[in-house]
Amino acid sequence: MSRLDELLRDELPRLAPSPGHEDPFERVRRRRRRRRLVRRIQAGALSVAVVAGTIGGTYALARVFATSRTRPATPGPGNGLIVFSARSERGVHLLAIPPEGGEPRQLTPPGAATYTDAAASPDGRTILVVHTIPSMQDGRAVLATVPVEGGSPTWLTDPIVVSDPAWSPDGRRIAFAGSPGGPYGIYILDVATGGFRLVPGTDAIDVAHPTWSADGTRIAFQASSGASQDQGPWDIYVAPVAGSYDVTETPLAGQGFEDLVNITATPEVSETSPAWSPDGGWIAFSVDGRPYLMRPDGSDRRDLFAILPGDVHPPADDLAWSPDGRFLAFSGTTGEGEDFTYTFRLEDGAIDLVGRGEDPTWQPLPAGARSPAVEPRPSLDDGLGRDVGLPFRLCHVEGLRGIDLAGDGTEGTAWTGAPLREDGSCPEGLEETIVAADVTGDGLADAWWGPLEHCVMCEPWDATDLDADGDEELVVLAQAASTPQFLLFSVRPGPELAPVTVAAPGHGPAGLRPGEPLSIWTGGDEGFEGTVACEGYPEDPVLVVAWAYHPVEGPGSGTEEVHVARLALQPDGTVRVVDAIDTTQPVGDPLPPPFGSDGRACGVDLQPFD
């Protein structure tokens, strides 16, 4: 057994999942950890070999590949920029560099966001990425595009579990590994409609790295059907994806496993990172850090590094073809754990170092064609402030898309965030949070209001029509402790954004004071319970707000005050108290309605922790 085999045998079991574990978030994280570990093991073994075989052992591995092995890799006429991901002090960003060399250029805005798994569009105008921002939870990310000239990302999806996206040759579909709401598998996203469809059978095995055939009728991908997922062995599979593939918004359960064809079926090794050649005649893939070629049926297997003198080469993963089919770009990790991107010329094995980074893609030079138009969705990068069209940039941004604040069918956006300070820094806390809204649907804020008082874990929560006039009111989650607090905002002509306030005379016993913003508390804490309900929605909605309080005097003792108020939203953006009940009762007695309701108020769930 080789030294590499021994290292893999000893180290990889640490990453094996527990029996029966099917968490898609953990699956993505685990696969990435394993890939990085394999690279480092390969690079470590290679580093030992290089040092042992070099006089004095004085050259580091990075220096070995700092220059071409033969001559510079001259690009073909259709080969554009090489784009890859590189880690900065704050995030992971896209860099672009001409294949003939030069200084890398950063394409993505500065900040703490991450942009990984790059894939150049067929027309060469945009780069598809997996985009993650710090506020996202549980391993979720979005599919987004970034202009090849550089700029802000455009979201194609809401946050989902996603990795390894790949464009179809016509630019109309995107294949990826993940879970947009269904089981984990290979999915196809229709760019025009936003609908997803599971490739049948891929939910029965662990999958990664889909790649399209040149005619767009098939995809290849790596998969493992072993009992211990992500421990292998990995094989390369091919599945049909017909041109008339029925893309729907509802992922389908796995069926048709017999349509998946294992074209490698080698239990002794793992084949990973498939990449279909531009002419459709070959599939490149990696075996333990060595790039191979084979025909789409698995025949005519060729070891590309076999053409090199000796056995000194960087590990090869994340393979990407040049548009002219003469080169492969790939990622490799040094023995020190640093990621680099290289190119490999198939005609003679020339290897060139491109730059520090990983997950390369190769841009086709634009030839006038354009990918299908995609509706822009503002990203929420909160690195050094996000520009949403205000006189200032916003930090700690949270957003809500697809809301009709004007009542004319326009899908607008709302944001919360803290204005960037004059010294260019972001506030550490959220005490300066404002609310902003895009009413016209152009992705830029038309109005804002703030700062909000005591806004902790503040975010736009939902929107609904509370007065049956056709436009929607914005619901903002102001605090998310055991007793969440919600505020309501309405858009008035101008447009102006303002909180919904209590109309005179209010109702003092229930704490509803004239002129103050309406504050809705739900959930419960020791001695307090709040809830909300709705009556007459959607034709004649009335908001029912209730709360109960008692001093903590020991179990079963004392009385508690109970308040139930019915509120109707007025045309001027205020709520008027139309009825109220104020009473006291012994602690422990059942509370009257709406206590015990499901917390849905006029189409909005205001019980976030139930």
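What you see is a predicted model; the values in this text were computed from it and never measured.
Checking Trp521 against Ser519 by side-chain atom types alone, a donor-acceptor pair falls below 3.5 Å. For the residue pair Thr202 and Tyr184, no side-chain donor N or O sits within less than 3.5 Å of a side-chain acceptor on the partner.
Ring centroid separation for the pair Trp547 and Phe595 does not come in under the 6.0 Å cut-off. The six-membered or imidazole ring of Tyr115 lies near that of His93, with a centre-to-centre distance under 6.0 Å.
For the pair Val491/Asp471, no side-chain contact is recorded, criterion being any heavy-atom separation below 4.5 Å from C-beta on. For the pair Leu567/Val544, no side-chain contact is recorded, criterion being any heavy-atom separation below 4.5 Å from C-beta on. Side-chain contact between Pro460 and Glu398 is present, with heavy atoms from C-beta onward closer than 4.5 Å. Taking 4.5 Å as the limit, every side-chain heavy atom of Trp448 sits out of range of all side-chain heavy atoms of Leu394. Taking the side chain as every heavy atom from C-beta outward, Ile174 and Leu128 approach each other to under 4.5 Å. Residues Val162 and Val142 form no side-chain contact, since every pair of their non-hydrogen atoms from C-beta on lies 4.5 Å or further apart. Put simply, the side chain of Phe486 does not reach to within 4.5 Å of the side chain of Leu488, judged on heavy atoms. Between Val562 and Gln585 there is a side-chain heavy-atom pair separated by less than 4.5 Å.
Distance CG/Leu444 to CG/Asp438: 7.0 Å, rounded to 0.5 Å. Atoms OG and CD, from Ser88 and Gln106 in turn, are 6.5 Å apart once rounded to the nearest 0.5 Å. For the atom pair CD (Glu473) and CG (Asp462), the distance works out to 12.0 Å, reported to the nearest 0.5 Å. With values rounded to the nearest 0.5 angstrom, Ile188 atom CD1 is found 15.0 Å from Arg172 atom CZ. One distance of note links OG1 of Thr531 with CG of Leu606; it measures 9.0 Å at 0.5 Å rounding. To the nearest 0.5 Å, atoms CD1 (Ile520) and CG (Leu477) are separated by 11.5 Å.
Considering every non-hydrogen atom in both Trp167 and Ala119, the closest pair reads NE1-O, 3.3 Å. Minimum interatomic distance between Asp404 and Gly409 (heavy atoms only, all atoms of both residues): OD2-N, 3.0 Å. Here the closest non-hydrogen pair linking Val130 and Pro165 is CG2-CD, 3.7 Å. Here the shortest heavy-atom pairing between Ala463 and Glu472 reads CB-OE1, 3.7 Å. What you find for Pro240 and Asp259 is that their closest heavy atoms are CD-O, 3.4 Å. Shortest non-hydrogen contact noted between Val564 and Pro594 is CG1-CD, 3.9 Å.
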Dump the intermediate steps for side chain to side chain contact (heavy atoms under 4.5 Å, CB included) on Thr483 and Glu529, then the final yes or no.
CA-CA 8 Å; Thr483 53; Glu529 183 174 353; over 6 Å; no
Checking side chain to side chain contact (heavy atoms under 4.5 Å, CB included) for the pair Leu543/Leu569: CA distance, chi angles, key distance, verdict?
CA-CA 8 Å; Leu543 201 62; Leu569 187 64; over 6 Å; no
Can you list the steps and then say if Leu198 with Ile186 is a side chain to side chain contact (heavy atoms under 4.5 Å, CB included)?
CA-CA 6 Å; Leu198 174 70; Ile186 299 291; 5.8 Å; no
Please determine whether side chain to side chain contact (heavy atoms under 4.5 Å, CB included) holds for the pair Ile127 and Ser121, giving the CA-CA distance in whole Å, both sets of side-chain angles, and the decisive distance to 0.1 Å.
CA-CA 6 Å; Ile127 306 298; Ser121 64; over 6 Å; no
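At distances below 3.5 Å, not a single donor-acceptor pair connects side-chain atoms of Asp203 with backbone N or O atoms of Pro183. When atom types are taken as modelled, the side chain of Thr410 and the backbone of Gly412 share no donor-acceptor pair closer than 3.5 angstrom. Of the possible polar contacts, none joining the Trp461 side chain to the Leu400 backbone as a donor-acceptor pair under 3.5 Å is found. Between the Ser597 side chain and the Ala533 main chain, no donor and acceptor come within less than 3.5 Å of each other. Proximity of a side-chain donor or acceptor of Asp465 to a complementary backbone N or O of Pro538 within less than 3.5 Å is not detected.
Note on ring orientation: taking the six-membered ring where Trp is involved, the planes of Phe176 and Tyr187 are parallel (angle under 30°, cut-offs 30° and 60°).
Legend: residues meeting side chain to side chain donor-acceptor pair (under 3.5 Å) with Thr583, ordered by chain and number and at least two apart, are absent.
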Would you list the atom pairs, donor with acceptor, under 3.5 Å between side chains in residues 498-516 and any protein atom, with sequence neighbours excluded?
unit_1: His507; atom_1: NE2; unit_2: Asp582; atom_2: OD1; d: 3.4
unit_1: His507; atom_1: NE2; unit_2: Asp582; atom_2: OD2; d: 2.6

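Between Val129 and the options Thr116, Leu94, Asp359, a side chain to side chain contact (heavy atoms under 4.5 Å, CB included) holds for only Leu94.
A salt bridge is defined here as a Lys NZ or Arg NE, NH1 or NH2 lying under 4.0 Å from an Asp or Glu carboxylate O, and Arg401 with Glu411 fails to meet this definition.
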